[in-house]
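In what follows, a structure is listed as structure tokens, so that the remarks can point back to it.
A quick note: this is a predicted structure, and the numbers were derived from the prediction, not measured.
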Amino acid sequence: MSRIADRFEALKAEGRGGLVTFVTAGDPDLDTSREILFGLAAAGADLIELGMPFSDPMADGPAIQAGSLRALKGGMTLKKTLALVAEFRKRDNETPVVLMGYYNPIYIYGTDAFTADAKAAGVDGLIIVDLPPEEVHEIEGPARAAGIDIIYLTAPTSDDARLPVVVARASGFVYYVSITGITGTRSAAIGDIQSAVERIRRHTDLPIGVGFGIKTPEQAAEIASVANAAVVGSALVDIIAANLDAKGKPKTGLAGKLLGLVADLAAGVRGTGKEVA
Amino acid sequence: MTKLNTYRAGPDEAGHFGIYGGRFVAETLMPLILEVEKAWNRARDDTAFWDEFHHLMKHYVGRPSPLYFAKRLTEHYGGGKLYFKRDELNHTGAHKINNTIGQILLARRMGKTRVIAETGAGQHGVAAATVCALFGLPCVVYMGETDIERQAPNVFRMKLLGAEVRTVTSGTGTLKDAMNEALRDWVANVDDTFYIIGTVAGPHPYPAMVRDFQAVIGNEVREQIQDAEGKGRTPDSLIACIGGGSNAMGLFHPFLDDEDVRIIGVEAAGHGIETGEHCASLTGGRPGVLHGNRTYLLQTEDGQILDGHSISAGLDYPGIGPEHSWLFDNGRVEYVSVTDNEALEAFQLCTKMEGIIPALEPSHALAHVGKILGDLPSDHVMVMNMCGRGDKDVFAVAKMLGVEVSE
């Protein structure tokens, strides 16, 4: 079994939904990013989604794009992202790591070389935002051979004709984008999310993670009660953006503040947060 | 060059021209892309759709645009004969309107009530705002803040036409970012909004659809050259400038299977390919994936997209239509590049010798004409697409020539 499947099994046994955290590799700089990454699991993240910086993240909002550009400005590359995961893996062999990003840097790296290097680094899954099932063939084979899951996005616009096309190729889990829009903008009503999750469950037995628009421990708790995991990204990236000095350098305590929110969110999904009594 | 039986059969059902094109978009956009494709397939096979298109082409745009023998330039270069396909005489001053008319008709068929567009130089934005005024639809145009500064007159034009111009500050604030922002808008407004893309790029079906609207250019040339040069005559060569490549594709596509017709696309070499400051995706880039399609792109070793540079804002895009990438690889079309300075010289020459102020974009094509026409025989017939007029560029040109003109 893969780390992703193991983790969702364990969550099931605990009888709760999980917390998936998203940060971009190298944001705001490599050292701070490492400090954040190494602290996430202890703060309560059940699964780590690590952004591969890209200059033109067209499905993401301004907050995540700005994070990508900060990382690139600091010299982050796909190779360094994989090296960061490898460092993490030496310390933590259980928490699943899913890389999320856009196809071009992977295509330029070479799909075979990338999947091999990602496997060696300890990557468990890939979310390639602009690679729908129609175009996935060139990386699907190498990823399968390496035992790396390909995780697909589904959206409110994915109807009953579209859903089977998407989930048929999915492994690991299915990521439900809860709003029609970009990351970090609006939040969906819990009732709508619940019925969407039920609709997806009619098409797949895979766990379902829900993301886009989740910012508070209360929201995370609510989502975790109707889906297998809640994904939080923009709210964490916002903390990075709010804790930079005039030169764009991280202020002291940035990582601690971010991990503090992760701890609150984790308490939320565990039903132990004071707000969710 | 690999010779094929036909160069006009693409794309395949999934929108691929060889390895190029396709639909590299987020799942959130996929249902919208599929909906546009379905509607386009229906419209394309419907004569009523084309009747309406051609009616507007004639009575609103002013087509057919003339095919004009550029006598003085022909004498000046002293070789083959040069004709201009005068798409600069179209309503709004460029070929862009051919495409926006086509897409607004499709948007109406789909029952969409709001239009979005991206623009670089502002020409496509003006053409989109124009058709929205014509049909009374609200229009939002995304434009990078860098471009808004250098294209103030077009910004004002769009506003006069009733469009809302939204400043894009994300990324590097240029055309590629405007396109990112338009795609984000579209994802958030799936029910009522139609995205009018300005060139033969983007996810399938856009590259093929925009090409089919712009093919009116080449189809007219096929008729007009016979009036000028005799029945059965085809041009010996075709030449056009390329940013995204829609005017070029419109001229080239009807002739791709005429194997005796030499076809040349001219990219913007900016300060020179070797300086890295250019927009020549084919000559100076390599294949990658951006904005929904695989195509040649300006990018770093790590696959990060670079901003282009050109004197001409309309060529300033780090990618190119996927069908051009395919025609480059298989060798059917020759692709060359021309620098800012060469284009600037051609701009002045054309203005003085033909009384036609060309846009800086087709000035690139003309600069290459100047390099090759003199060596061609006197019975050689070359058609260049004069795809836009230069009124929009006179202030920029004055500045480059060191002349003070108050706007």
Side-chain angles (χ1 to χ4, degrees), chain A residues 52-63 65-66 68-69 72 75-81 101-110 114 127-136 138 152-159 161-163 165-166 175-177 179-183 185-186 212, chain B residues 13-16 19 21-35 168-172 174 176-191 193 202-204 285-295 297-307 318-319:
Chain A
M52 300 175 274
F54 182 50
S55 53
D56 294 79
M58 66 180 185
D60 285 296
Q65 176 163 25
S68 244
L69 294 182
L72 291 173
M76 205 59 190
T77 62
L78 190 47
K79 226 179 192 80
K80 288 183 186 169
T81 299
Y102 293 77
Y103 188 46
N104 196 55
I106 295 173
Y107 177 64
I108 294 303
Y109 197 107
F114 174 74
I127 302 174
I128 309 172
V129 177
D130 56 350
L131 206 61
E134 281 81 354
E135 304 288 354
V136 80
E138 51 200 83
Y152 287 94
L153 305 183
T154 61
T157 46
S158 313
D159 56 21
R162 184 68 191 161
L163 273 176
V165 177
V166 178
Y175 189 139
Y176 177 65
V177 172
I179 53 160
T180 53
I182 52 175
T183 48
T185 47
R186 299 171 283 142
F212 283 40
Chain B
E13 275 186 16
H16 297 109
I19 67 162
R23 280 178 292 223
F24 294 85
V25 297
E27 190 57 37
T28 44
L29 263 182
M30 205 62 196
L32 285 85
I33 301 290
L34 295 172
E35 188 193 357
V168 176
T169 54
S170 61
T172 49
T174 56
K176 75 177 178 69
D177 303 292
M179 197 154 179
N180 289 334
E181 225 42 69
L183 287 164
R184 289 173 184 140
D185 179 309
W186 203 21
V187 172
N189 296 285
V190 290
D191 293 326
T193 298
H204 179 63
R286 60 177 173 147
V289 173
L290 179 72
H291 292 151
N293 59 155
R294 188 187 338 245
T295 192
L297 298 171
L298 303 180
Q299 54 183 319
T300 67
E301 290 292 305
D302 188 44
Q304 308 299 336
I305 308 306
L306 293 169
D307 272 308

Closest non-hydrogen atoms of A:Pro105 and B:Gln304, given as atom of the first, atom of the second and distance, are CG-NE2, 4.2 Å
Quick one: does [X]'s side chain get under 4.5 Å of [Y]'s, heavy atoms only?
X: B:His16; Y: A:Glu135; value: yes
X: B:Arg286; Y: A:Ile108; value: yes
X: B:Ile305; Y: A:Phe54; value: yes
X: A:Val177; Y: B:Glu27; value: no
X: B:Glu35; Y: A:Thr157; value: no
X: B:Arg184; Y: A:Pro57; value: yes
X: B:Met30; Y: A:Val166; value: no

For each of [options], tally heavy-atom pairs with chain B at distances under 4.5 Å, and name the one with the top tally.
options: A:Tyr152, A:Tyr107, A:Tyr102; value: A:Tyr107
options: A:Pro132, A:Ala155, A:Ala59; value: A:Pro132
options: A:Asp159, A:Val129, A:Ile106; value: A:Val129

Is it the backbone or the side chain of A:Met52 that comes under 4.5 Å from a heavy atom of chain B, or both, or neither? neither
Of the backbone (N, CA, C, O) and the side chain (C-beta and beyond), which part of A:Leu153 lies under 4.5 Å from a heavy atom of chain B, both, or neither? both
Check each atom of [X] against the heavy atoms of chain A and say whether the ones under 4.5 Å are side chain, backbone, both or neither.
X: B:Val25; result: both
X: B:Ile19; result: side chain
X: B:Leu297; result: side chain
X: B:Gln299; result: side chain
X: B:Pro287; result: both

Test item: B:Asp302 side-chain N/O and A:Leu78 main-chain N/O as donor-acceptor pair under 3.5 Å: yes
Distance-only, no hydrogens or angles: does the A:Asn104 side chain make a donor-acceptor pair with backbone N or O of B:Val289 under 3.5 Å? yes
B:Ala14, B:Gly171, B:Ser170: which one forms the most heavy-atom pairs within less than 4.5 Å of chain A? B:Gly171
What option among B:Arg294, B:Lys176, B:Met179, B:Glu181 has the most heavy-atom pairs under 4.5 Å with chain A? B:Arg294
Distance in Å, B:Leu34 CG paired with A:Glu134 CD, rounded so as to fall on 0.5 Å steps: 6.5 Å
